[in-house]
Number of protein chains: 2
Amino acid sequence: MRILLIEDDPVLGMAVRDQIVADGHGADWVTRLADAEHAVHAAAFDLILLDLMLPDGRGSDFLRKLRSTGDATPVMVLTARDQISDRIAALDAGADDYLVKPFDLFELSARIRAVGRRYAGNPNPLVTLGDIEVDLSARSVRRAGQTIALTAREWALFEAFVQRPHQLMSKPQLEERLYSFDAEVESNTIEVYVARLRKKLGADVIETVRGMGYRLGTPGGGA
Amino acid sequence: MRILLIEDDPVLGMAVRDQIVADGHGADWVTRLADAEHAVHAAAFDLILLDLMLPDGRGSDFLRKLRSTGDATPVMVLTARDQISDRIAALDAGADDYLVKPFDLFELSARIRAVGRRYAGNPNPLVTLGDIEVDLSARSVRRAGQTIALTAREWALFEAFVQRPHQLMSKPQLEERLYSFDAEVESNTIEVYVARLRKKLGADVIETVRGMGYRLGTPGGGA
DNA sequence: CCTCGACGTTCAGGTGGGTGTCAGCTGGGC
DNA sequence: GCCCAGCTGACACCCACCTGAACGTCGAGG
């Protein structure tokens with residue numbers, strides 16, 4: 001796996017790069033966003049590790065620009081504990097995962113392995129639910145052959161269900177999933193997004209279990 | 001899994017400890033930081049549940065001190081909804097997760113299971129009773145391969161039986177389980193829900209012991 | 001710098017299904 | 001045969017959930 005590391009701190013950067021190499025991956029390490037943009041244009045990566053605070057700009061801006069070009073390379077954000085707003089911005093901008101500094105290098109290895117399993121392990125990770133096809137790496141959903149566009153939040157919610165097909169998930173669980181550690185929201189946001197997903201993908205896509213939460217339904221009938 | 005609970009509120013503490021034990025873990029419950037420090041020196045825990053407001057100090061200070069000794073035991077902080085600053089302080093001090101009071105005991109179980117999964121690498125545990133399969137973390141029940149939908153109360157009651165497979169449970173015990181502490185119910189609610197469970201899962205799923213209570217039956221014949 | 005559009009979030013009002021209660025019935029134990 | 005614990009079907013209430021719309025916010029493009 002080829003990994004692009006965008007991190008300006010020399011100590012952390014070196015440690016992470018060494019760990020990546022030790023895990024048997026290829027590592028490209030840049031310290032500025034300008035270099036990072038050059039790198040993603042020059043080569044294809046399987047994973048990008050992105051620090052949010054960089055000398056020549058914000059990592060979330062880089063990420064947003066990357067996603068706007070249609071690039072779906074998995075991005076794992078490296079963030080400090082108190083930069084909650086930045087973290088949310090990063091998830092909104094299209095980050096796939098995040099790691100809170102200071103993090104254990106074992107944790108890093110485990111996450112990278114998880115990415116490899118999820119994305120590179122099987123080149124065509126298609127999940128099928130009735131007549132719905134989900135491509136986790138491409139972030140695309142099709143129902144009856146028709147591609148359906150989901151917004152960032154809609155996708156984040158839907159992905160949570162797809163990754164755990166039989167699991168019942170409570171609203172607090174889902175809120176935490178969508179809003180990271182800043183689960184301060186006291187509203188019906190989850191309900192609203194469930195409704196929007198049902199409107200886009202079909203009413204039977206998500207099943208309500210009163211008083212407990214939601215779970216993936218069985219689209220297209222129980223067949 | 002062995003869990004240290006640091007919580008001074010007797011009602012909440014008892015409820016959490018009972019839930020931990022019901023989930024099959026070992027629980028040590030202390031109400032003061034002094035006792036907590038003694039406990040972590042005396043034994044190794046797999047998880048620490050830490051209240052932030054304690055009679056003899058702040059939980060975040062305890063946590064910081066613990067981390068400074070190199071102890072990396074997972075710590076889940078229990079915090080009130082409005083103590084945002086304390087929560088951030090706890091995360092900075094090295095907490096791995098947090099749970100906002102008042103929290104559902106199911107939520108607690110799920111989080112504890114998540115910790116166990118993260119550190120042991122196990123998938124969800126499946127409980128099998130004859131031809132009935134129960135996934136406690138997914139909250140799903142299947143009989144002969146057929147998924148059966150349970151409501152919140154029905155699940156709560158069924159879970160109580162599944163977690164104590166051979167134990168006889170009186171109606172007051174079950175009422176306390178379903179309605180936590182304000183057990184103000186004076187009716188045959190338990191009988192009603194036992195009947196509903198039997199209708200959904202089969203008559204042999206719960207066995208009546210006249211004058212004493214109920215216990216889990218042996219579905220699928222006395223095999 | 002301004003405008004437009006897309007998306008996220010909040011709010012209020014309506015609704016249906018879960019829940020608790022009750023009355024009457026059943027059946028086992030003595 | 002009596003008695004009482006447990007069983008069952010029915011039903012009204014209430015709250016969790018749904019939904020449409022309005023509002024705020026952020027980024028793209030001129």
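Just so it is clear: chains get the letters A, B, ... in the order the sequence lines come, proteins before strands, and each one is counted from 1.
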For C:dG17, does the base pair up with any side-chain atom of B:Arg196 as donor and acceptor (N or O, under 3.5 Å, distance only)? no
Residues two or more places apart in sequence or in another chain: which of them pass side-chain contact (heavy atoms from CB on, under 4.5 Å) with B:Ala27? B:Arg17, B:Ile20, B:Val21
Residues which pass salt bridge (Lys or Arg N to Asp or Glu O under 4.0 Å) with A:Asp56, listed by chain and number, not counting sequence neighbours: none
Just the table, please: protein N/O against nucleotides 24-30 of chain C N/O, every pair under 3.5 Å.
unit_1: C:dG27; atom_1: N2; unit_2: B:Arg210; atom_2: NH2; d: 2.8

Using salt bridge (Lys or Arg N to Asp or Glu O under 4.0 Å) as the criterion, list what pairs up with B:Lys171, not counting sequence neighbours. B:Glu191
Strand contacts (DNA chain D) in residues 158-167 of chain B, 4.0 angstrom heavy-atom criterion: none
Going by side-chain hydrogen bond (donor to acceptor under 3.5 Å, both in side chains), name the residues that satisfy it together with A:Glu133, two or more places apart in sequence or in a different chain. A:Arg142
Could you run down nucleotides 23-30 of chain D 5' to 3' and tag each one B, S or - for protein heavy-atom contact under 4.0 Å? ----S---
Residue set satisfying side-chain contact (heavy atoms from CB on, under 4.5 Å) with B:Ala156, at least two apart, ordered chain then number -> B:Leu178
Apply side-chain contact (heavy atoms from CB on, under 4.5 Å) to B:Pro10 and list each qualifying residue two or more places apart in sequence or on a separate chain. none
If a pair satisfies salt bridge (charged side-chain N to carboxylate O under 4.0 Å, His left out) and one of its residues is in residues 208-219 of chain A, list it, with sequence neighbours excluded. none
Rounded to 10°, the helix from C:dC1-D:dG30 to C:dC30-D:dG1 deviates from straight, judged by its five-pair end axes, by 30°
Under the salt bridge (charged side-chain N to carboxylate O under 4.0 Å, His left out) rule, what pairs show up with a residue in residues 151-165 of chain B, not counting sequence neighbours? B:Glu154-B:Lys200, B:Glu159-B:Arg177
